[in-house]
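In what follows, a structure is listed as structure tokens, so that the remarks can point back to it.
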Amino acid sequence: ALLDDECVAEAGAEPPSCALSALQRRGVARQKASAISDATDEPGADAGGAAASDDAALDEEEMRAAIEARRAVMLLRAKAQAKAARGGSKDYPAPYGNPYWRGDWHGGGVVDSLPGQEQVDLMAARDADWHMGSLIYQVYVDRFAPPNKSLAELKKIHKPPQTVHEWSEPVTLGVKNEETQYYTHELAFYGGDLQGVLSKLDYIQSMGDILYLQPIFKAYSVHKYDTSDYFEVDEAYGTMEDFDALQKAVHARGMHLVLDGVFNHMGIRSDLFMEALADPHAKSRDWFFIGEEYGQNGYKSWQGSGTLSELRLEDKNLEQYIWAANDSVIATWLHRGADGFRLDVGTEIGREFLFAITKAAHKHKYGSLVVGEVSAYPRWWTEALDGVLSFWMGWVISGVVNAKMGGVFAGMQIEQLIRESSMEQVLRSWIIVSNHDLARLSNVYPDPKLRQFAVTLQFVLPGAVCIYYGEELGMIGPGDPFNRAQMQWDWANNTNKVYNYTKTLVDMRRKHRSLQIGDFHTLHSFSLLAFLRRTDRIDEIVIVLANPTKRPVTEQLVVPVEDLLEYTKFRCVLTGEVARIHGGTIEATVPPHQALVLAMDYEPGPNSDQYKRIYGHWDTFQQVKAYASLGNLDDDMNRLGVGLDD
């Protein structure tokens, strides 16, 4: 009843034999009790008596061993599930259907209903998972750092109709070149390269833990979503030695490197495509959609662009080439030092192939990350990937900020997604409020107050924060190509209010564990998007009160956390405003289009001393243990094999 043999086998370990015996005997006792209950249809005295009789046979030594075994098995299960979540055992069925668990192992947003020690173990597992709640900094290499090369040197790389421009020259909207089928702004180069990215790692690290590079593989255009060769670094960006130097420097800082994988389509200038188009017997012919039925060009191109030939992922040889084989594209770059991939147009790749790619990546490199571009409601897509690029969460933020979606309703929708997906999958998903395909925030929100409100929500809602280069500076750009302009390095100074505020949000996120990996619970409110983020520690709770209305809102809200004690002080990380807990409620006034991010404030004296026997506070007594303090005590002790009646 208490042991999950499959989980123990998956983790590759066994509990102590005497403890196993004790646990098995307790299981037999409960089975007998159940049988008596079924036979008499009276699940009362007889059943309880049988269980108590057998339980009494357990001596103290066996009972203690059973408790230790229970803890050991919980840790084994956590390790096995963590392995399963990374693709080590995707078929592993636990904990679904296991009566021991409430909700699923991902937390489901209800970590507080788990027994105390499991809350601690769950959060420790999240801490160890770099995929969750991270800060991602997205870089468009050509436009990020000014080149060291002269224009003359760059022109040797880029031949007409490609054009080369000074870093100070503004981007312009181009026209379509009928011969190449590219727009002229797609062929306008400014000279940024991998060495330039390397030179800015101090700055990048100040903003993020993960460096996400837009495509760096050989391609004809400046955006490089038209791959010509998946195995080569584009000449304009540098060499394999440059990539190797960058990945080593990234890892030396404890950061991770994610590459852009464009596997739905390929550039028409690739050798593979040109051979397939020219020769019906070419080995790569079946990798593309080629035939008269595809119109004048004779091939299926992505969104009719003409420059991007769609790939037939159903072909088994192509599957081996891109992700399955040990020398595949995915395997090669993971072995070269990448830590994961962002998959372009993930929804068009489809869930079946997204799952296959994710599983293969985990096989090629344990702990690697695969996220997909998903412009849809994330449910089920998160099952096929480690996480999604959550445009959905970005649009929810937009709805709240623009007062087109009520704050209360938005909180309900986020909770629904967590129930339908899982807390951990939401934590692994990247919150997208701007990127290379969207207008910059300064264009979307000309009012600085609204822009600040949107970014604040991005940093406090569950998920990983993706910062598109230059957004931290307030760069402008209504759309492609203007949202892909050169980085304005002279804006990165302390006179820039947007830059200063972004640094404050980054610092807030890094200091508050609950904002990184904590569960999400809505608080009932009339007008606010009100919620808390929580971990296993009471002193890490953060309460967020966001006001999407045009007027100040004063409300008293119930905070249903039984371990938050009277008169506990909370202080807003952003404004310094103070609010206190009274009888499990909190009252605050929230200015219009602003969020209060309330974190517990350490206050020496009686207000902190009252937490001495509550687990997870600065002043908790050292001997207070999670299993005897957190969660439902009777349930927790019973699960450990020690009921309150023992």
Side-chain angles (χ1 to χ4, degrees), residues 78 82 85-86 105-112 114 119-138 204-212 253-256 258 339-340 367 369 371 382 386-390 393-394 397 414-415 417-418 421-433 455-467 472 502-522 531-544 546 561 570 572-574 595 597-600 616 618:
R86 291 172 171 82
W105 174 254
H106 298 291
V110 289
V111 69
D112 56 323
L114 293 175
Q119 294 187 35
V120 175
D121 295 340
L122 176 60
M123 289 300 165
R126 289 184 186 175
D127 273 328
D129 190 343
W130 64 272
H131 306 165
M132 291 189 196
S134 300
L135 293 167
I136 300 104
Y137 193 79
Q138 176 181 346
I204 293 170
Q205 188 175 24
S206 73
M207 290 290 154
D209 316 306
I210 297 173
L211 169 58
Y212 155 44
R253 294 166 177 263
M255 299 169 64
H256 292 87
V258 172
D339 298 300
L369 171 69
V371 293
T382 54
D386 291 316
V388 302
L389 269 67
S390 189
M393 191 73 83
I397 291 172
I414 294 170
E415 278 200 328
L417 173 63
I418 292 169
S421 178
S422 79
M423 189 69 248
E424 295 199 350
Q425 288 167 327
V426 171
L427 289 171
R428 291 191 189 101
S429 295
W430 298 5
I431 303 175
I432 305 297
V433 295
V455 177
T456 303
L457 291 178
Q458 183 190 23
F459 273 76
V460 296
L461 286 169
V465 176
C466 186
I467 303 172
E472 74 278 11
T502 305
K503 289 193 295 182
T504 298
L505 292 177
V506 169
D507 184 62
M508 173 189 73
R509 181 89 175 194
R510 284 176 166 163
K511 285 181 177 178
H512 293 279
R513 182 174 176 240
S514 61
L515 294 179
Q516 301 165 33
I517 61 169
D519 277 359
F520 174 93
H521 298 270
T522 57
F531 57 90
L532 61 84
R533 303 289 306 279
R534 63 151 299 172
T535 65
D536 54 308
R537 293 186 57 87
I538 191 66
D539 59 14
E540 291 180 344
I541 282 181
V542 171
I543 299 169
V544 178
V561 179
F570 278 78
C572 180
V573 178
L574 303 175
V597 185
L598 299 164
M600 189 182 292
W618 298 289

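Computed from a prediction, not measured in an experiment: that's the story for all the values here.
Within the 4.5 Å cutoff, the side chain of Ile397 has heavy atoms near those of the Ile431 side chain. Counting heavy atoms from C-beta outward, Val258 and Trp430 have side chains that approach closer than 4.5 Å. Under the 4.5 Å side-chain criterion, counting only non-hydrogen atoms from C-beta, Phe459 is in contact with Val506. Between Asp519 and Ile418 the shortest side-chain heavy-atom distance does not fall below 4.5 Å. Using a 4.5 Å heavy-atom cutoff, the side chains of Thr456 and Leu574 are in contact.
Side-chain atoms of Gln205 come within 3.5 Å of backbone atoms of Arg253 as a donor-acceptor pair (strictly under, hydrogens ignored). Within the 3.5 Å criterion, the main-chain N or O of Ser134 finds no donor-acceptor partner in the side chain of Asp209. Looking only at distances, no side-chain donor or acceptor of Gln516 sits under 3.5 Å from a matching main-chain atom of Met132. Of the possible polar contacts, one joining the Ser514 side chain to the Glu540 backbone as a donor-acceptor pair under 3.5 Å is found. In this structure, Glu415 contributes its side chain and Thr522 its backbone to a donor-acceptor pair below 3.5 Å.
Among all heavy-atom pairs drawn from Trp618 and Asp539, the shortest one is N-OD2, 3.2 Å. Nearest heavy-atom pair across Val544 and Val597 is CG2-CG1, 4.4 Å. Minimum interatomic distance between Thr382 and Ser429 (heavy atoms only, all atoms of both residues): CG2-OG, 4.2 Å. Met123 and Thr535 make their closest contact through CE-CA, 3.7 Å (heavy atoms, listed as atom of the first residue, atom of the second, distance). Nearest heavy atoms, Phe531 versus Val460: CE1-O, 3.7 Å. In plain terms, the two heavy atoms of Leu427 and Gly518 that are nearest each other are CD2-O, 4.0 Å.
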Could you please spell out the steps behind the side-chain contact (heavy atoms from CB on, under 4.5 Å) verdict for Arg513 and Asp127?
CA-CA 9 Å; Arg513 182 174 176 240; Asp127 273 328; 2.8 Å; yes
Test side-chain contact (heavy atoms from CB on, under 4.5 Å) applied to Val573 and Asp507, step by step
CA-CA 10 Å; Val573 178; Asp507 184 62; over 6 Å; no
Take Ile414 and Met393 through the side-chain contact (heavy atoms from CB on, under 4.5 Å) test and state the conclusion after the steps.
CA-CA 8 Å; Ile414 294 170; Met393 191 73 83; 3.9 Å; yes
For Met207 and Lys503, run side-chain contact (heavy atoms from CB on, under 4.5 Å): C-alpha distance rounded to whole Å, both residues' side-chain angles, the deciding distance at 0.1 Å, then the answer.
CA-CA 7 Å; Met207 290 290 154; Lys503 289 193 295 182; 3.8 Å; yes
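Here CZ of Arg428 is found 10.0 Å from OG of Ser421. Values are rounded to the nearest 0.5 Å. With rounding to the nearest 0.5 Å, the separation of OG in Ser390 from CG in Leu417 is 7.0 Å. A distance of 8.5 Å separates NE2 of His521 from CE of Met423, quoted to the nearest 0.5 Å. Separating the CZ atom in Arg537 from the CE atom in Met600 is a distance of 10.0 Å, to the nearest 0.5 Å. Distance CD1/Ile432 to CG/Leu389: 4.0 Å, rounded to 0.5 Å. Separation of atoms CD (Gln138) and CG (Leu211) is listed at 10.0 Å; rounding is to 0.5 Å.
Side-chain atoms of Arg509 and Gln458 form no donor-acceptor pair, as typed in the model, at a separation below 3.5 Å.
Between Arg126 and Asp536 there is no salt bridge, since no side-chain N of the basic residue sits under 4.0 Å from a carboxylate O of the acidic one.
Between Trp130 and His256, the ring planes are parallel. Angles under 30° get that label, and only those over 60° would be called perpendicular.
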